[in-house]
Amino acid sequence: MQFNDVTYPFDIIYEDNHLIVVNKEAGVLVQGDHTKDKSLPDYVKDYLKEKYNKQGNIFCGVIHRIDRPVSGLVVLAKTSKALERMNKIVRSRDFYKTYWAIVKKKPHPAQGKLLHWLKKDTRKNTTAAFEEETDDAKRSELSYKWLGKLNDHHLIEVRPITGRPHQIRVQLSTIGSPIRGDVRYGFKKLNPDRRSINLHAKELHFVHPVKKEKMHFRAPLPENDFWIQFDTLDEIKNRDINQIL
């Protein structure tokens, strides 16, 4: 997105006095880490300073995270009050997320639920999945649905029930369907840009923490040569897509 001749690595989906919802580019950190690279909240603060000509500190609170190589929807709080209330919504699991993932191997069955126990290795920044309950591992669930095939890739819709680090990536890899470009979890090669994987945070549903209105957001797919193939599927998501495949 460009604003006043400055390019930002996100597009604005929604903004009010309490929240800002953005469609993040792959490769951008949602929260700062050891790399010291500029994070999404820092970019958003720059945008807010420029838009409103504000001086001094700008509040921008992280409500939830998506991984650095993942694109899509992220909600940030513009006030501490909104952050506190949104944190309660997320903890109560009244914050519903839908992702699109591209894989080489179609999952079997084509629709179902996955249950694993996930254990994070903070030193290596990887997550391991176990079929049975294990010490220090957390119960992790998601539902998925095969949407269709284009060329030799499959499009999967994923709805996480729990929110664990790298959850979708490791759970799909565990059933033999690693996400395209995700060499950390079993895909054979990086994507051409070397910074993205084909996992996109597509939709969000929650009740606004202040207005108490139902909010529903959808993020357009990334504008690159690979994702563009799936634009037609995006347009007819609620129809039987098999008719055109």
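The first residue of the sequence shown is numbered 1, and numbering continues consecutively from there.
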K.L.:
Identify whether Phe10 and Ile20 are in the same connected component of the hydrophobic contact network (ILVMFWY, side-chain heavy atoms under 4.5 Å).
P.N.:
yes
K.L.:
Rounded to the nearest 0.5 Å, what's the gap from CZ on Arg184 to CD1 on Ile179? Could you check?
P.N.:
12.5 Å
K.L.:
Okay, side chain of Asn198, backbone of Ala101: is any donor-acceptor separation there less than 3.5 Å?
P.N.:
no
K.L.:
Is there a donor-acceptor pair closer than 3.5 Å between any side-chain N or O of Lys36 and the backbone N or O of Asp33?
P.N.:
no
K.L.:
Mind telling me whether Phe217 and Tyr14 have parallel, tilted or perpendicular rings, with 30° and 60° as the class edges?
P.N.:
tilted
K.L.:
Is Lys24 reaching over with its side chain to a backbone N or O of Val28, donor-acceptor style, under 3.5 angstrom?
P.N.:
yes
K.L.:
If we only count heavy atoms from C-beta on, is the Trp227 to Ile102 side-chain gap below 4.5 Å?
P.N.:
yes
K.L.:
Return yes when atom CG of Asp225 has more than 12 non-hydrogen atoms of other residues, nucleotides or ligands closer than 6.0 Å, and no otherwise.
P.N.:
no
K.L.:
Of all residues at least two apart in sequence or in a different chain, which pass the salt bridge (Lys or Arg N to Asp or Glu O under 4.0 Å) check with Lys211?
P.N.:
Asp16
K.L.:
Side-chain heavy atoms nearer than 4.5 Å, only ILVMFWY residues, links allowed to pass through others: does that put Tyr43 and Tyr47 together?
P.N.:
yes
K.L.:
If a pair satisfies side-chain hydrogen bond (donor to acceptor under 3.5 Å, both in side chains) and one of its residues is in residues 77-89, list it, with sequence neighbours excluded.
P.N.:
Glu15-Lys78
K.L.:
Do Ile168 and Val75 share a hydrophobic cluster, counting only Ile, Leu, Val, Met, Phe, Trp and Tyr and linking them when any side-chain heavy atoms are less than 4.5 Å apart?
P.N.:
no
K.L.:
Given side chain to side chain contact (heavy atoms under 4.5 Å, CB included), test Ser177 with Lys106 step by step and report yes or no.
P.N.:
CA-CA 7 Å; Ser177 299; Lys106 180 180 177 180; over 6 Å; no
K.L.:
Do Ile66 and Leu29 share a hydrophobic cluster, counting only Ile, Leu, Val, Met, Phe, Trp and Tyr and linking them when any side-chain heavy atoms are less than 4.5 Å apart?
P.N.:
no
K.L.:
Does Arg68 come within less than 4.0 Å of Asp37, counting only side-chain N to carboxylate O?
P.N.:
yes
K.L.:
Between Asp193 (side chain only) and Ser196 (backbone N and O only), is there a donor and an acceptor less than 3.5 Å apart?
P.N.:
yes
K.L.:
Could you check whether any side-chain N or O of Asp121 sits under 3.5 Å from a backbone N or O of Lys124, counting only pairs where one atom can act as donor and the other as acceptor?
P.N.:
yes
K.L.:
Under a 3.5 Å threshold, yes or no: a donor from one side chain and an acceptor from the other, between His208 and Glu213?
P.N.:
no
K.L.:
Got a sec, which pairs hit ring-ring contact (aromatic ring centres under 6.0 Å, His included) with one end in residues 54-97, sequence neighbours left out?
P.N.:
His64-Phe95, Phe95-Phe206
K.L.:
Have His200 and Ser71 got a donor and an acceptor in their side chains that come within less than 3.5 Å?
P.N.:
yes
K.L.:
Ignoring hydrogens, what is the shortest heavy-atom contact between Ile63 and Ala77? Give both atom names and the distance.
P.N.:
CD1-N, 3.7 Å
K.L.:
With a cut-off of 6.0 Å (strictly less than), are more than 12 heavy atoms of other residues, nucleotides or ligands near CD of Glu223?
P.N.:
no
K.L.:
Are Ile13 and Ile89 linked, directly or through intermediate hydrophobic residues, by side-chain heavy-atom contacts shorter than 4.5 Å (ILVMFWY only)?
P.N.:
yes
K.L.:
How close do Leu118 and Ser140 get, counting heavy atoms only, and between which atoms?
P.N.:
CG-OG, 3.2 Å
K.L.:
In chain order, what residues pass the side chain to side chain donor-acceptor pair (under 3.5 Å) check against His166, with sequence neighbours excluded?
P.N.:
Tyr185
K.L.:
Is Arg159 close enough and on-axis enough to Tyr144, meaning under 6.0 Å and within 45°, for cation-pi?
P.N.:
no
K.L.:
Nearest heavy-atom pair of Pro69 and Ala26: which atoms, and what distance?
P.N.:
O-CB, 3.4 Å
K.L.:
Atom CG in Asn191, atom CZ in Arg180: separation rounded to 0.5 Å?
P.N.:
4.0 Å
K.L.:
Would you name the heavy atoms of Ile58 and Lys49 that are closest together and state the gap between them?
P.N.:
CG1-CG, 3.4 Å
K.L.:
Quick one, Asp136 with Lys120, criterion salt bridge (charged side-chain N to carboxylate O under 4.0 Å, His left out). Give me CA distance, side-chain angles, the key distance, then yes/no.
P.N.:
CA-CA 9 Å; Asp136 299 325; Lys120 178 77 180 289; over 6 Å; no
K.L.:
Under the criterion side-chain contact (heavy atoms from CB on, under 4.5 Å), which of Leu114, Leu172, Ile175 is the partner of Pro107?
P.N.:
Ile175
K.L.:
Do you know the tightest heavy-atom contact between Ala129 and Thr174?
P.N.:
CB-OG1, 3.4 Å
K.L.:
Do other residues, nucleotides or ligands put more than 12 heavy atoms under 6.0 Å from His108 NE2?
P.N.:
no
K.L.:
Please check if the side chain of Asn23 supplies one atom and the backbone of Pro220 the other of a donor-acceptor pair under 3.5 Å.
P.N.:
yes
K.L.:
Would you call Leu19 and Leu76 a side-chain contact if the rule is heavy atoms closer than 4.5 Å?
P.N.:
no
K.L.:
Please examine the side chains of Lys45 and Cys60, heavy atoms only from C-beta on, and report whether any two atoms are closer than 4.5 Å.
P.N.:
yes
K.L.:
Using atom types as modelled and distance alone, determine if a side-chain donor or acceptor of Ser173 lies under 3.5 Å from a backbone N or O of Arg169.
P.N.:
no
K.L.:
Run the side chain to side chain contact (heavy atoms under 4.5 Å, CB included) check on Lys113 and Ile161 step by step: do they pass?
P.N.:
CA-CA 10 Å; Lys113 284 188 176 183; Ile161 298 168; 4.2 Å; yes
K.L.:
Kindly write out the residues that satisfy salt bridge (Lys or Arg N to Asp or Glu O under 4.0 Å) with Lys97, not counting sequence neighbours, or none if the list is empty.
P.N.:
none
K.L.:
Look up atom CD in Gln167 and atom CG in Leu142, then write down how far apart they are to the nearest 0.5 Å.
P.N.:
5.5 Å
K.L.:
Tell me, yes or no, whether the heavy-atom count around Lys189 atom NZ, taken from other residues, nucleotides or ligands under 6.0 Å, exceeds 12.
P.N.:
no
K.L.:
Could you tell me which non-hydrogen atom of Leu150 sits nearest to which non-hydrogen atom of Gln229, and how far apart they are?
P.N.:
CD1-O, 3.2 Å
K.L.:
Could you please spell out the steps behind the side chain to side chain contact (heavy atoms under 4.5 Å, CB included) verdict for Val158 and Thr98?
P.N.:
CA-CA 6 Å; Val158 181; Thr98 301; over 6 Å; no
K.L.:
Mind running side chain to side chain contact (heavy atoms under 4.5 Å, CB included) on Lys202 and Leu221 for me, showing each step along the way?
P.N.:
CA-CA 8 Å; Lys202 192 77 179 61; Leu221 296 174; 3.9 Å; yes
K.L.:
Quick one: list whatever passes salt bridge (Lys or Arg N to Asp or Glu O under 4.0 Å) with Arg195, sequence neighbours left out.
P.N.:
Glu25
K.L.:
Roughly how far, to the nearest 0.5 Å, is the CG atom of Leu115 from the CD atom of Glu132?
P.N.:
10.5 Å
